[in-house]
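These numbers were taken from a predicted model, which means no experiment stands behind them. Throughout, a chain's letter reflects where its sequence line sits, starting with A, and its residues are numbered from 1.
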Amino acid sequence: MLEGKRIERVEIHRASVVKNSPDQFIQATQGQLIRLIERRAKYILIHLERGGILGHLGMSGKFILDFKLKPIHSHDRVIFTLEDQSRLIFSEIRCFGFLEYLEDLATSERLERLGPDGLIDEIDPLAMRRRARGSRRNIKEWIMDQAVIAGIGNIYANEILFAAQVKPTRQAGRISKAEWERILKETKGILELALIHNGTSISDYRRVDDKTGEFQGFLQVYGKEGQPCPRCGRPIKKITQGGRSSWYCC
DNA sequence: ACACGATCCTGACTGC
DNA sequence: TGCAGTCAGGATCGTG
């Protein structure tokens, strides 16, 4: 849809979401052809003729494709106008997300830090167990560490561990091979299911066509403190780990 | 090595 | 009604 189109104009409405200087970003991207767009864990890579744009949506970011030239919204931070006058809008309420022009996406340090992709890579349970050996860190923070498994955020970490029947408070180094097998199987299964249902819209998240996702209707524990556990009926508990909320039961 | 808190921001909601 | 406090799909950094 975007591939093969030329970026005619770039407007930056909030400089802090662009890692480069505004001048540098505009100069480097304006006039370039979009060659390929791909995902790498939570990053979006927009390959251009020369270099490319590395994007991250943070907590509240979205890319919206606009064909109708809707009025600019206050959260629209960067606007790419394409040669056919359609617009790719990087909209970010909290400005934790970012765009970064890089001469070479392949050697980005951010990307090099990433572990195997939980959705598409074949991850060996024994390799995970070996890597976690000796770690007393809790398994919830462990699987959310992008250097360990890339692509798992807070919603899906909770859902994966519940589905795998592994309590989030367990020590990573004490997870058995069978439990790692379940965690990795559920990582794939839940991320795939969430993708089929276009992701989880709790408040701000929208698809690129501005529609909401539907996976919120499939959540078992995330955000469900006090509600009956789908497996045992006891109330779901909420705790804090690494500054993030965790919900779990049995 | 890791737990913890602060930080970057804005908006929705709660309680007084 | 107003205002302070809390919380939210993330990642990084400093401190102990």
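Base orientation for dG9(C): syn, the chi torsion being within 90° of 0.
Dashed line: the shortest gap from a side-chain N or O of R137(A) to OP1 or OP2 of dA3(B) is under 4.0 Å. In this model, the phosphate group of dT10(B) is not approached by any side-chain N or O of H75(A) to a distance below 4.0 Å at OP1 or OP2. The phosphate of dT12(C) has neither OP1 nor OP2 within less than 4.0 Å of any side-chain N or O from K19(A). A close approach under 4.0 Å does occur between a side-chain nitrogen or oxygen of K42(A) and OP1 or OP2 of dA11(C). The shortest distance between the side-chain N/O atoms of S245(A) and the OP1/OP2 oxygens of dC7(C) is not below 4.0 Å. OP1 or OP2 of dT10(B) lies within a sub-4.0 Å distance of a side-chain N or O belonging to R14(A).
Closest to the side chain of K238(A), from the set dG9(C), dT10(B), dC7(C), is dC7(C). Checking dT12(C), dG9(C), dG11(B) against the side-chain heavy atoms of I93(A) singles out dG11(B) as nearest.
Look at the P atom in both dC13(B) and dG9(C): the space between them is 16 Å, to the nearest Å. Separating the P atom of dC3(C) from that of dC9(B) is a span of 24 Å, rounded to the nearest Å. Across the P atoms, dT6(C) and dA6(B) are found 11 Å apart, a figure rounded to whole Å.
Taking 4.0 Å as the cut-off between side-chain N and carboxylate O, E192(A) and K188(A) do not count as a salt-bridged pair. Remark: E49(A) engages R6(A) in a salt bridge, criterion side-chain N to carboxylate O under 4.0 Å. K62(A) has no carboxylate O lying under 4.0 Å from a charged side-chain N of E92(A), or vice versa, which leaves the two without a salt bridge.
By the 30° and 60° cut-offs, the orientation of the rings of F98(A) relative to H56(A) is parallel. Ring pair F218(A)/F215(A) is parallel by interplanar angle, where below 30° counts as parallel and above 60° as perpendicular.
Proximity of the aromatic rings of F25(A) and Y101(A) is defined here by a centroid distance below 6.0 angstrom, and this criterion is not met.
Two residues, R94(A) and R110(A), neighbour DNA chain C, and the one matched to the more 5' nucleotide by heavy-atom proximity is R94(A).
Taking atom CG of L114(A) as the reference point, atom P of dT12(C) lies 9 Å away to the nearest angstrom. As rounded to whole Å, 16 Å separates atom P of dG9(C) from atom CG of L191(A). Computed from coordinates, the I44(A) CD1 to dG9(C) P distance equals 19 Å when rounded to whole Å. When the P atom of dT6(C) is taken as reference, atom CE of M59(A) falls 17 Å away, rounded to whole Å. Rounding to whole angstrom units, CD of residue E92(A) and C1' of dC8(B) are separated by 11 Å. In this structure, I143(A) places its CD1 atom 13 Å from P of dA11(C), rounding to the nearest Å. The CD-C1' distance, from E141(A) to dA11(C), rounds to 13 Å in whole Å. Atom CH2 in W247(A) sits about 10 Å away from atom C1' in dG9(C), given to the nearest Å.
Within 4.0 Å (heavy atoms only), D145(A) reaches no atom of the nucleic acid at all. Note on S135(A): only backbone sugar-phosphate atoms sit closer than 4.0 angstrom, heavy atoms only; bases stay farther off.
No aromatic stack links F96(A) and the base of dC9(B), using centre distance under 5.5 Å and interplanar angle under 30°.
The base of dA1(B) does not come close enough to the side chain of R136(A) for any donor and acceptor atom to sit less than 3.5 Å apart.
The partner of dT7(B), taking Watson-Crick or G-U wobble pairs whose two distances both stay under 3.5 Å, is dA11(C).
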